[in-house]
Peer 1: 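Before we start, here is the structure in question, set down as structure tokens.
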Amino acid sequence: MKEQFYPFKKIEKKWQKKWAAERLFKMDPASSQPKFYCLMMFPYPSSALHVGHGRNYIIGDVVARYKIMRRFNILAPMGWDAFGLPAENAAIKSGIHPKTSTLNNIKTMKRQLNSWGVGYDWDREIASCMPDYYKWTQWIFLELYKKGLAYKKKASVNWCPSCQTVLANEQVVDGACERCSTQVELRSLEQWFFKITDYAQKLLDDLALLEDWPERVRLMQKNWIGRSEGVEIDFKIADTDIILPCFTTRVDTIYGATYMVLAVEHPLIEDLIKGAKNEKEIKKFINEVKKESLVERVSADVEKKGIFTGRYVINPVNNKKIPLWIANYILMEYGTGAVMAVPAHDQRDFDFAKKYDLSIEVVIDDPKEQLDGKNMKEAYIEEGQMVNSGKFNGIPSLDAMEKIADYMEQEKIGRRKIHYKLRDWLISRQRYWGAPIPIVYCDACGIQPVNEKDLPVLLPEKIKFKPHGESPLKDVKDFVETKCPRCNKKARREIDTMDTFVDSSWYFLRYLSPKDDKRPFDKDIVNKWLPVDQYIGGVEHAILHLMYSRFIVKVLHDMGHVGFKEPFAKLFTQGMIVKDGAKMSKSKGNVVSPDKLIDKYGADTVRSYTLFIGPPEKDAEWNDRGVEGAWRFLNRVWRLVEQATSDPSTLLGAGKRQGAGENPSDRSLRRRTHLTIKKVTEDMEGSFHFNTALSAIMELVNEIYKVSDRRPLDLARGRQATGDKDFKEAIESVIILLAPFVPHIAEEMWERSGNKKSVFKAEWPKHDEKAIIQEKVTMVIQINGRVRSKIEISSGATEDEVKKAVLENPVVNKWTGGKTPKKFIIVKGRLVNLVI
RNA sequence: GCCGGAGUGGCGGAACUGGCUGACGCGCACGACUCAAAAUCGUGUGAGGUUACCCCUCGUGUGGGUUCGACUCCCACCUCCGGCACCA
């Protein structure tokens, strides 16, 4: 009696061992084959992986295995983004040291990765929380410091009063802490920043180099950088010599400026309102606005509020005196914190002017109707013809923008300027579980960087986790007390640690020489292997991680440490797997664990279902029933190969073997084989649409089953009856084409078919264009665009032959009634359309 | 509000460059095998009509348009998802 199902447990263990022993995924530095760096975003070691995470690694594994089969020298490393807040919070609750829990989680996740059968060059494993790694994260900090790209400044940051720590912007969801949902406060603290804004233009320009990135990711980055061109105009404050510059993208509306507004944080305010008769009232207003929570300040639908300062400014183009206001809708961080208000042509200014009864002056006319400031219902923000604008009257507003900017530069009352939304990267964290910032404070010498030879600044392990508003490192005397690197006198260490995004912004360089203790990476080796040929990860990193990594690489490039400008040549962002319409999460209780499924059906089943679920860049709904379909398919293939190799007679319809030869079904089997090869190869090289690749293989398997009752084959013994060649080719193609998707079962079937070497050493098949061509084709006959009939015709038939055949068709005759059609459209080999 | 992406059977999804809508899989129904079940194999499966089994009508979010022909291109709109959001 044969086993009813294929013995996946035995098989999977066997091959996982063999791959490890044969070092299938080991990168060979001496190889002359072309290189292929296949990288998956390294995971944060949380408790355990679910099937949604699996998708990422399975996709990467398919790519890597395919490239191995195409004889590339591949680098497929894996590591751990191991510093981070969750481990520290768990430590506060449970008392278990973050290092302990992190290393445990790594163990679990590594086991899970192996159980999926995904392969990596584990000799290159890295963990960002280990001193031999973060030493070099600190080195990168020092390099940026040297270049003036790491600096300290007072800034208002997000503070969670419950967790007693600052939060990264990305940890603030709708103004509240993502973990405890407490409203986040703004606190003014001395913080370390990386000057990513210096690279805004380069980061924007080089998006053009990233042709093989998803368009939407490039767009998101572009929007995030937020370049806008405009003019900075100098307004003089009346009765003083103070110049108040303000930025505008709509210099064409300058004659329509009827008031000016400052952000409440504007540094000049205090001086300006001194002695004003309502000084107290103004101060009260400012304090109220400042007190508003982040959510309120940031939301666009909050009512605009303001107060008059009692001061006036002079519009430099017409010397008009206009009132100076303070308002809650002006941001200090963008532009200069001062904005000229043109209510006729800006909706926000319009709303504000209506509320406080400020004048509205039209300076651009709507070509469709005469505008009048008094009767307008909303601002007119489109282009138009200049009016009430002195010597610029009568020209189109688009031209006026240039002309006015030229004029201002000539008169030195303004200058063209470019602004970005991108802000400098705040990298300080008042947390324990991160890389210490390698800085020392000396009373005599001030801020001093740690000497490179003294790296790493070790993170002390004995520590109290209880949060109290500052980094827990503050209480570790041995850590804080140190000597000044310059004067060697007593000094204090920086107690903040670095944002974990710093760790992950260079890890892809470390994989090339993970154990080098002399330098972070070897320049020659990274120059050979980078940029990464294929990067795979979730779209949630579209901006942060991907922007930071690009920035760090650009800095390293400009400093001569690396020879490439962009880290990732190709990017693939996979969609999320959801369950019951929601993202899998422990709190929702909809997590599907791979462990049980692998135990029940095996890794190959889980892999093929995960790949079959839909196009990998799109979100997909997990369906346990679907897993069974994948399971059935693999068993179907298994039985086919088993019968073909062990007992070919069972494939025969009880000895009803037909004579060998060129019967049509054989030709269609060979055709189907080559169509499948073509389709699968295209999906591998192009879109990664493994769902359609798999369905093509399923079709081929179905085809083999259809012809198998006439076609026996003994693959193992190589006994080939005439005409069995196509059959053998079909089955072998199935095994090879399946190998990247379901590697264990493919290896086993390959071996049982009499092959000594791994299927990954087999030749990837090439389709034969000739095999795909059909002698006879079915052409669709349409009448007035509707399908009415079909004809079989030789594929080489001329138009006249097709016409003749069509007109002879009885169905056509029924529709035409014997009349000659008005039009005869022939799409060769496909379709005929008659217009009657 | 702005910028993306998407809307196709009961479900997940296919469809090349404008050319047979619904491949492949799930589910369902019927049949074979079986004492029976499971497993497996086979057949069918968009809706409606007609039942002479050959056909006919409708059908890819909605409404228009271009075309011999539109899921595909153009215009307007609706819904859902994602990102950004008072950026001057």
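All of these numbers come straight from a predicted model, not from anything done at the bench. Reminder, nothing fancy here: chain letters follow the sequence lines and each chain counts from 1.
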Peer 1: Would you measure the distance from the C1' atom in G82(B) across to the matching atom in C75(B) and give it in whole Å?
Peer 2: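 Their C1' atoms lie roughly 26 Å apart.
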
Peer 1: Quick one: the dot-bracket string of RNA chain B, using Watson-Crick and G-U wobble pairs with both distances under 3.5 Å, [ ] for crossing pairs and | for bases paired to another strand.
Peer 2: (((((((..(((......[....)))((((((.......))))))((((.....))))..(((((..]....))))))))))))....

Peer 1: OP1 or OP2 of C56(B) versus the side-chain N and O atoms of R788(A): is any pair under 4.0 Å?
Peer 2: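 Indeed, a polar side-chain atom of R788(A) lies that close.
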
Peer 1: Within the structure provided, determine whether L204(A) and Q201(A) are in side-chain contact (heavy-atom separation under 4.5 Å).
Peer 2: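 Yes, their side chains come closer than 4.5 Å.
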
Peer 1: Just checking N833(A): base, sugar-phosphate only, or nothing, at a heavy-atom cut-off of under 4.0 Å?
Peer 2: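 Base contact.
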
Peer 1: Where the side chain of H767(A) meets the backbone of L675(A), is there a donor-acceptor pair that is under 3.5 Å apart?
Peer 2: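 No; judged by distance alone, with no hydrogens or angles, the pair does not exist.
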
Peer 1: Say whether, by atom type as modelled, one donor and one acceptor occur between the side chain of R672(A) and the main chain of E699(A) under 3.5 angstrom.
Peer 2: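 Here the side-chain-to-backbone pair does not exist.
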
Peer 1: With rounding to whole Å, what would you report as the distance between C58(B) and U21(B) at their P atoms?
Peer 2: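 Here C58(B) and U21(B) have their P atoms 13 Å from each other.
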
Peer 1: Considering only G19(B), C41(B), A88(B), which nucleotide approaches the side chain of R636(A) most closely?
Peer 2: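 Among the listed nucleotides, the one closest to the side chain of R636(A) is C41(B).
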
Peer 1: Between U17(B) and G12(B), how far is it from one P atom to the other, in whole Å?
Peer 2: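 Pairwise P distance, U17(B) against G12(B), rounds to 25 Å.
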
Peer 1: Taking the same atom, C1', in A37(B) and in A32(B), what whole-Å distance lies between them?
Peer 2: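 These two C1' atoms come out 15 Å apart once rounded.
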
Peer 1: How far does the P atom of C73(B) sit from the matching atom of C84(B), given to the nearest Å?
Peer 2: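 Those two atoms are separated by 28 Å.
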
Peer 1: With nearest nucleotides of RNA chain B determined for M340(A) and H689(A) from heavy-atom distances, which residue corresponds to the more 5′ nucleotide?
Peer 2: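 Upstream on the strand: H689(A).
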
Peer 1: Does the H689(A) side chain pair with the main chain of N691(A), one donor and one acceptor, at a distance under 3.5 Å?
Peer 2: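 No.
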
Peer 1: Can you tell which of A88(B), U40(B), C86(B) lies closest to the side chain of T249(A)?
Peer 2: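 The listed nucleotide nearest to T249(A)'s side chain is A88(B).
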
Peer 1: In this structure, which one of H419(A), R416(A), R415(A) forms a side-chain hydrogen bond (donor to acceptor under 3.5 Å, both in side chains) with E232(A)?
Peer 2: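 So the option named by the test is R415(A).
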
Peer 1: Rounding to the closest angstrom, what is the interatomic distance between A70(B) and G63(B) at atom C1'?
Peer 2: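 Comparing C1' positions in A70(B) and G63(B) gives a spacing of 15 Å.
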
Peer 1: Whole-Å distance between A39(B) P and Y6(A) OH?
Peer 2: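 My rounded result for the distance is 17 Å.
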
Peer 1: When you compare C35(B) with G22(B), how far apart are their P atoms, in angstrom units rounded to a whole number?
Peer 2: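 Comparing P positions in C35(B) and G22(B) gives a spacing of 41 Å.
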
Peer 1: Using only atom types and a distance under 3.5 Å, with no angle test, would you say the side chain of N590(A) pairs donor to acceptor with the backbone of K579(A)?
Peer 2: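 Side chain of N590(A) to backbone of K579(A): a pair is present.
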
Peer 1: Check the interface with nucleotides 27-32 of chain B: list each N/O to N/O pair with the protein under 3.5 Å, or write none.
Peer 2:
{"unit_1": "G27(B)", "atom_1": "OP2", "unit_2": "R632(A)", "atom_2": "NH2", "d": "2.9"}

Peer 1: Starting at atom NZ of K600(A), determine the distance to atom P of A39(B), rounded to an integer number of angstrom.
Peer 2: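 Atom NZ in K600(A) sits about 11 Å away from atom P in A39(B).
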
Peer 1: Compare the minimum distances between each of A88(B), C41(B), C68(B) and the side chain of Y334(A), then state the nucleotide with the smallest one.
Peer 2: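 Of the candidates, A88(B) comes closest.
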
Peer 1: Of the nucleotides C68(B), C24(B), C3(B), which has the atom closest to the S695(A) side chain?
Peer 2: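 In terms of side-chain proximity for S695(A), the closest of C68(B), C24(B), C3(B) is C24(B).
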
Peer 1: Cationic tip of R636(A) within the cone over Y705(A)'s six-membered ring, i.e. under 6.0 Å and within 45° of the normal?
Peer 2: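 Positive - R636(A) is close enough to the ring of Y705(A) and near enough to its axis.
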
Peer 1: Indicate syn or anti for G9(B), taking the glycosidic torsion and treating anything within 90° of 0 as syn.
Peer 2: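 Judged by the O4'-C1' to base torsion, G9(B) sits in syn, the angle falling within 90° of 0.
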
Peer 1: For I613(A) versus W622(A), what's the shortest heavy-atom pair and its separation?
Peer 2: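 Closest heavy-atom pair between I613(A) and W622(A): CD1-CA, 4.0 Å.
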
Peer 1: Should I413(A) and I233(A) be marked as a side-chain contact (heavy atoms from CB on, under 4.5 Å) after you check the CA-CA gap, both sets of side-chain angles, and the distance that decides it?
Peer 2: CA-CA 6 Å; I413(A) 51 176; I233(A) 308 167; 5.6 Å; no

Peer 1: Answer yes if the side chains of Y334(A) and S228(A) hold a donor-acceptor pair under 3.5 Å, and no otherwise.
Peer 2: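 Indeed, the side chains of Y334(A) and S228(A) share at least one donor-acceptor pair under 3.5 Å.
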
Peer 1: For N223(A) and for T692(A), find the nucleotide of RNA chain B with the closest heavy atom, then tell me which residue's nucleotide is more 5'.
Peer 2: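 In this pair, the answer is N223(A).
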
Peer 1: Decide yes or no, distance alone: a donor-acceptor N/O pair under 3.5 angstrom between the base of G19(B) and the side-chain of Q782(A).
Peer 2: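 Such a pair exists between side chain and base.
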
Peer 1: Under 4.0 Å, heavy atoms only, any strand: does G629(A) hit a base, just the sugar-phosphate, or nothing?
Peer 2: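 Sugar-phosphate: the residue G629(A), judged by heavy atoms under 4.0 Å, touches backbone atoms but no base.
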
Peer 1: For nucleotides G9(B) and C77(B), find the distance between their P atoms and express it as a whole number of Å.
Peer 2: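 Taking atom P in both G9(B) and C77(B), they lie 25 Å apart.
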
Peer 1: Whole angstrom is fine here: how far is it from CG in L634(A) over to C1' in G25(B)?
Peer 2: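 That distance rounds to 13 Å.
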
Peer 1: Give a yes or no on whether the backbone of P245(A) and the side-chain of T336(A) come within a donor-acceptor separation of less than 3.5 Å.
Peer 2: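 Flag set: sc T336(A) to bb P245(A) pair under 3.5 Å.
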
Peer 1: Under 3.5 Å, is there an N or O donor on one side and an acceptor on the other linking the side chain of K304(A) and the base of C86(B)?
Peer 2: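 Such a pair exists between side chain and base.
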
Peer 1: Between G19(B), A14(B), A88(B), which one does the side chain of L831(A) approach most closely?
Peer 2: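 For L831(A), the side-chain atoms sit closest to G19(B).
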
Peer 1: Between atom CD1 in I825(A) and atom P in U67(B), what is the gap in whole Å?
Peer 2: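 These atoms are roughly 12 Å apart.
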
Peer 1: Atom CD of E682(A) and atom C1' of A15(B): how far apart are they, to the nearest Å?
Peer 2: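 It is 14 Å, rounded to the nearest whole Å.
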
Peer 1: Please verify the inter-ring angle class for F572(A) with F688(A); under 30° counts as parallel, over 60° as perpendicular, anything in between as tilted.
Peer 2: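 Tilted.
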
Peer 1: Roughly how many Å is it from CG in L422(A) to C1' in A85(B), rounded to a whole number?
Peer 2: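 In whole Å, A85(B) C1' and L422(A) CG are 16 Å from each other.
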
Peer 1: Detail all sub-3.5 Å separations between protein N/O atoms and N/O atoms belonging to nucleotides 6-13 of chain B.
Peer 2:
{"unit_1": "G12(B)", "atom_1": "O2'", "unit_2": "I613(A)", "atom_2": "O", "d": "2.8"}

Peer 1: Answer yes or no: is there a donor N or O on one side and an acceptor on the other, between the side chain of S733(A) and the main chain of T673(A), under 3.5 Å?
Peer 2: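 A pair under 3.5 Å: no.
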
Peer 1: For G25(B), does either OP1 or OP2 sit under 4.0 Å from a side-chain N or O belonging to N702(A)?
Peer 2: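 Yes.
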
Peer 1: Can you tell me how far C1' of A14(B) sits from CD1 of I697(A), to the nearest Å?
Peer 2: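 Rounded to whole Å, this separation is 16 Å.
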
Peer 1: Over all strands shown, is V787(A) touching base, sugar-phosphate only, or nothing at heavy-atom distances under 4.0 angstrom?
Peer 2: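 Sugar-phosphate: the residue V787(A), judged by heavy atoms under 4.0 Å, touches backbone atoms but no base.
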
Peer 1: Under a 3.5 Å cutoff, is there a donor and acceptor pairing between the side chains of D351(A) and Y329(A)?
Peer 2: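 Judged by distance alone, the side chains do not pair up.
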
Peer 1: Figure out the CD/P separation between Q347(A) and C2(B), and round it to whole Å.
Peer 2: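 Answer to the nearest Å: 12 Å.
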
